[in-house]
J.: 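Here's a structure for you.
We name chains A, B, ... by the order of the sequence lines, and we start the count at 1 in each one. Just so it is clear, the values below take in all heavy atoms, side chains as well, and ignore hydrogens, waters and symmetry mates.
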There are 2 protein chains.
Amino acid sequence: MKQISRFSHFGELSDKDYFRIALSVDCVIFGFEDDELKVLVIKCNIKEYKGMWSLLGDLVRPDEDLDSASYRILKDRTGLDDVYLEQVQTFGKVNRHPAGRVITTAYFSLVNIKDHQLKLSDNELHWHPVKEIAEMAFDHKNILDTCLERLREKIQDHPVVFNLLPKKFSLRELQSVYEAVLNCELDRRNFRKKFFMMDWLIDLNELEEDVPHRPGKLYKFNAAKFAKKTKKVS
Amino acid sequence: MKQISRFSHFGELSDKDYFRIALSVDCVIFGFEDDELKVLVIKCNIKEYKGMWSLLGDLVRPDEDLDSASYRILKDRTGLDDVYLEQVQTFGKVNRHPAGRVITTAYFSLVNIKDHQLKLSDNELHWHPVKEIAEMAFDHKNILDTCLERLREKIQDHPVVFNLLPKKFSLRELQSVYEAVLNCELDRRNFRKKFFMMDWLIDLNELEEDVPHRPGKLYKFNAAKFAKKTKKVS
DNA sequence: TCAAAAGTGTTGGTGATACACCCATGG
DNA sequence: CCATGGGTGTATCACCAACACTTTTGA
């Protein structure tokens, strides 16, 4: 690698020192199941945090874009590749990783749990209810909280939660997702009004089946309204 | 540095390869002068972008927090240290830097231009009107646009623009900042109403001086209302 | 016929916008 | 006295929150 002359203080340390920082990506992969918001976690196998839950992450390869690294992790773990993924923040405290200097960029992702099979053999990789996670390895609890906060802001204005649901869903299911993410109860009538007003839904003229009560109508996300703005900045 | 065993694909490349990525920080330092939003830029000295404007940045040192790196840059360039600084996004395309693999985390900062002296000898370091910047070195125009967008969102709900103004300011000045940042005109009566409603201002019972018209009242930011939530996550 | 959830409208409050005139000061 | 910007109030509108009863289905 050539010398990077733009940086003012390069002379104070040798070139090699500046490459002593590793860069990783951590994915907060959210799913929705049993009326709960869940996150994909794995048992940590480094000694300092033995047995604690950690997020899915990996080092960024020298020849892959940062965004690509997060897609790779998601693909490797869930088999999914057309998923919602958003960069949230980069965490870079000196001592955040016990094994050395690792700076990590956090992404959050929204997937439909039913759409894929996990390789459950791997270190107890599984979907864990977000509400039940009190602590995690490294600074991962902090990362999770930050991503959840971002998700909460995001869903107020942007039609992203559809990624957590199957193609066809009822309004009840949609509302449950919002309630799970926001951790609050919502008024049914206002909720329905809002969504029809937004024009985010297409009525499929189908009904739920196998429910022990009056079946609700099924809808799909009005994807056509949202031209794919692929803002690839990073 | 010890082996980092948490990462799944470590075996495919040698340890050394993973430390071939350098990490930098770039600061978008905003200021306000002559009713314009300005940004602190410097002439680029690497050959591929010779003579183009670039942001102020530097490599992150192995022993400093990511946040600290951005404070260091700001301090070095402006002499200021109690300033508003916020992480925005990390840019990590493989070829974003011609000299090698450099991933950069962007921060934006808000400072009062009058509060300090620049070392103007350095590569034409100066305050440049944001509106007049059409292109920049590297992906810095993209970084600038992203930070400006973030600033626009931020000022809608958060009292941050006070950082761009002197301690005492008139409502006209405050409004000018909003108009400069948002690049639009605002209604004076509604603007005043909103700010008094918010209770963000303290009336100093002083008047502007040396203005060729009726002097306006001076205010200061009601800092007491905003307990310092130092959310240090990165 | 009962339980459980679906479906449906109206009202009041709050915050945002649009808009025009008189006032104080310096030149 | 004139030019410049400072200072003020009201009407309208859109959006949000609160709230209760009837309907449909399966058991």
J.: Any side-chain heavy-atom pair from A:S176 and A:F32 closer than 4.5 angstrom?
T.: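 A side-chain contact exists here, since the closest heavy-atom pair is under 4.5 Å.
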J.: Between C1' on D:dG7 and CG on B:L174, what's the gap in Å once rounded to a whole number?
T.: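 These atoms are roughly 16 Å apart.
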J.: Does any donor-acceptor pair link the side chain of B:R214 with the base of D:dT4 at a separation under 3.5 Å?
T.: no
J.: Scan A:Y84, A:W127, A:F30 and name whichever one has a side chain to side chain contact (heavy atoms under 4.5 Å, CB included) with A:V111.
T.: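 So the option named by the test is A:W127.
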J.: Between atom OH in A:Y219 and atom C1' in C:dG7, what is the gap in whole Å?
T.: 9 Å
J.: Answer yes or no: side-chain N or O of A:R189 and base N or O of D:dA20 forming a donor-acceptor pair under 3.5 Å.
T.: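 A donor-acceptor contact between them is present.
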J.: Rounded to whole angstrom units, what separation is found between the CG atom of A:L186 and the C1' atom of D:dC16?
T.: 13 Å
J.: Test for a donor-acceptor pair under 3.5 Å between the base of C:dA6 and the side chain of A:R192, counting only N and O atoms.
T.: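 Side chain to base: no pair below 3.5 Å.
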J.: On DNA chain D, does the nearest nucleotide to B:E173 precede the nearest nucleotide to B:D187 from the 5' side, or the other way round? Give the residue.
T.: B:E173
J.: With the side chain of B:P215 defined as its heavy atoms from C-beta on, choose the nearest nucleotide among C:dA6, C:dT25, D:dA18.
T.: C:dT25
J.: What integer distance in Å separates B:E185:CD from C:dA18:P?
T.: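 The distance from CD of B:E185 to P of C:dA18 comes to 12 Å, rounded to the nearest Å.
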J.: Could you report the tightest heavy-atom contact between A:G92 and A:I103, atom names first, then the distance?
T.: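 Heavy atoms of A:G92 and A:I103 come nearest at CA-CG1, 3.9 Å.
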J.: Expressed in angstrom and rounded to an integer, what is the separation of B:L207 atom CG from D:dG5 atom C1'?
T.: 14 Å
J.: For A:E208 and C:dA5, give me the distance from atom CD to atom C1', rounded to whole Å.
T.: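 Taking atom C1' of C:dA5 as the reference, CD of A:E208 is at 9 Å.
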J.: Atom CD of B:Q156 and atom P of C:dT17: how far apart are they, to the nearest Å?
T.: 10 Å
J.: Measure the distance from NZ on B:K193 to C1' on D:dT12 and round it to the nearest whole Å.
T.: 12 Å
J.: Test the A:K225-A:W200 pair against the cation-pi criterion, namely NZ or CZ under 6.0 angstrom from the six-membered ring centroid and within 45° of the ring axis.
T.: no
J.: Going through the checks in order, is the side chain to side chain donor-acceptor pair (under 3.5 Å) test met by A:D115 and A:N112?
T.: CA-CA 6 Å; A:D115 270 359; A:N112 176 13; 3.2 Å; yes
J.: For DNA chain D, whose closest nucleotide is more 5', that of A:N190 or that of B:P212?
T.: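 Mapping each residue to its closest nucleotide by heavy atoms, the 5'-most match is B:P212.
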J.: Answer yes or no: side-chain N or O of B:R188 and base N or O of D:dG7 forming a donor-acceptor pair under 3.5 Å.
T.: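 For B:R188, whose side chain was compared with the base of D:dG7, there is a donor-acceptor pair (under 3.5 Å).
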